[in-house]
Amino acid sequence: MKQDLSAPVITIDGPSGAGKGSITQLVAKKLGYHLLDSGALYRLTALAATKSGIALDNEEKVGELALSLDVKFVPGEYGEPVNVLLNGEDVTAQIRTETCGNNASKVAPLPKVRAALLQRQRDFQVFPGLVADGRDMGTVVFPGALVKVYMTASAEERAERRYKQLKAKGEDVKIATLLSEIQERDARDSGRAEAPLKPAEDALVLDTTGLGIEEVLVQVLTLVEKTNGTVI
Ligand code: C5P
C-alpha cells in the first residue's frame with residue numbers, strides 16, 4: 001500500500017521498555033487503526049545481517065539489506081504479538097531477544113539503514129489511521145502526525161518491567177544486567193547524530209514511572225479525543 005497523507009497518525013516514541021508496545025496495541029485496537037512497530041524493522045535488519053554474516057557496522061552492506069528486506073507482518077490474535085516473517089521464515093521469537101534488540105540499536109545509527117527504512121514505514125500511513133511506535137516517529141518519519149506522545153520511565157523501572165516479562169517467559173536473567181543494557185541502549189539511541197531519541201517539540205511527554213497501563217491508556221486516549229474531537 002502507498003502512503004496516504006490524509007490518514008491520521010498517532011506517534012508513540014520513547015526509550016526501550018517504556019511500555020510503548022502495549023499502549024500502541026491498545027490504542028490501535030480501540031480506534032481500529034493500523035499499527036507500525038518500527039523497532040521490528042531495525043531488529044529484522046540486524047537479524048538479517050547476522051544471518052548473512054555481515055558485520056553490524058558495515059553501513060554499505062547493512063543498508064543494502066535494509067532496502068531489500070522481504071518482510072511480512074501477520075497480525076495475530078489480540079494481545080499476541082504480530083507474527084513477523086523474514087524471507088518467508090517465521091522470526092517472531094528471534095527478533096524479540098535482548099541480543100537482537102541490542103544489535104538493532106547498533107545498525108540503527110547508520111544513515112543508509114535509516115534512509116532505506118523510511119518510505120517502508122511511511123507506507124503504513126493508510127486509512128482509517130495509524131498508531132506508530134518507535135524512537136523517531138514524531139520527529140522524522142511522521143512530523144505532521146495528529147497526536148504525538150513521548151513515553152518514558154526511569155531506567156530502573158524499565159529494567160524491572162523487562163525482568164518480570166522475561167521471568168514470566170521462563171528466561172534466566174539478572175536485573176543488573178538488564179539495567180546496564182537499557183542504559184547502554186538509551187545512550188546509543190539518544191547520542192546518535194541521525195534521528196536521535198528525543199521528544200518532538202509538540203509531543204506530550206508522559207512519565208509512566210509508577211503508573212499502570214490503564215492509567216497511561218486513559219491519558220493517551222484523552223489527548224486523542226482533545227486533538228481530533230473524536231469521542232472514544
Ligand atoms: O523498539 P525496539 O526495542 O524494538 O527497537 C530496537 C532498536 O531499534 C532501538 O533500540 C533503536 O536503536 C532502534 N529503533 C530506532 N528507531 C525506531 C525504532 C527503533 O532507531 N523508530
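Predicted model, so just to flag it, every value in this text is computed and none were measured. Starting from 1, each residue takes its place in the sequence as its number. Note that ligands are numbered from 1 as they come in the structure, with each ligand's atoms numbered from 1 the same way.
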If you count the atoms of ligand 1 from 1 in the order shown, which ones are under 4.0 Å from a heavy atom of [X]?
| X | result |
| --- | --- |
| Gly134 | 18 (C), 21 (N) |
| Ser105 | 10 (O), 12 (O) |
| Met137 | 21 (N) |
| Asp136 | 16 (N), 17 (C), 21 (N) |
| Asp189 | 9 (C), 10 (O), 11 (C), 12 (O) |

Would you mind checking which non-hydrogen protein atom is closest to [atom], with the distance to 0.1 Å?
| atom | value |
| --- | --- |
| atom 13 (C) of ligand 1 | Ala108 CB, 3.7 Å |
| atom 6 (C) of ligand 1 | Arg185 NH1, 3.5 Å |
| atom 8 (O) of ligand 1 | Tyr42 CB, 3.5 Å |
| atom 19 (C) of ligand 1 | Gly39 CA, 3.5 Å |
| atom 7 (C) of ligand 1 | Ala104 CB, 3.7 Å |

Indicate whether the side chain of [X] and that of [Y] have a donor and an acceptor atom separated by less than 3.5 Å.
| X | Y | value |
| --- | --- | --- |
| Arg122 | Gln119 | no |
| Thr208 | Arg161 | yes |
| Tyr42 | Arg114 | yes |

For the side chain of [X] and the backbone of [Y], is there at least one donor-acceptor N/O pair under 3.5 Å apart?
| X | Y | value |
| --- | --- | --- |
| Gln219 | Leu206 | no |
| Thr92 | Val84 | yes |
| Glu215 | Leu211 | no |
| Arg192 | Ala195 | yes |

Review point. Judging by distance only, is a nitrogen or oxygen of Ser38 under 3.5 angstrom from one on ligand 1?
Key: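 Yes; the residue has a nitrogen or oxygen that sits under 3.5 Å from a nitrogen or oxygen of the ligand.
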Check your understanding: Does an N or O from Arg114, backbone or side chain, lie closer than 3.5 Å to an N or O of ligand 1?
Key ->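 Indeed, backbone or side chain, Arg114 has an N or O that close.
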Practice item. Please work out which of Lys106, Arg43, Glu98, Arg135 has its closest non-hydrogen atom nearest to atom 15 (C) of ligand 1. Key: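 Considering heavy atoms of Lys106, Arg43, Glu98, Arg135, the nearest to atom 15 (C) of ligand 1 sits in Arg135.
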Check your understanding: Among Asp202, Asp13, Thr139, which one satisfies side chain to side chain donor-acceptor pair (under 3.5 Å) with Lys148?
Key ->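 Only one of Asp202, Asp13, Thr139 forms a side chain to side chain donor-acceptor pair (under 3.5 Å) with Lys148, namely Asp202.
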Practice item. Report yes or no: does Arg192 have a heavy atom closer than 4.0 Å to ligand 1? Key: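 It does; at least one heavy atom falls under 4.0 Å.
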**Study point:** NZ/NE/NH1/NH2 to OD/OE distance under 4.0 Å, Lys112 and Asp57
**Key:**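 A salt bridge is absent here (no side-chain N lies under 4.0 Å from a carboxylate O).
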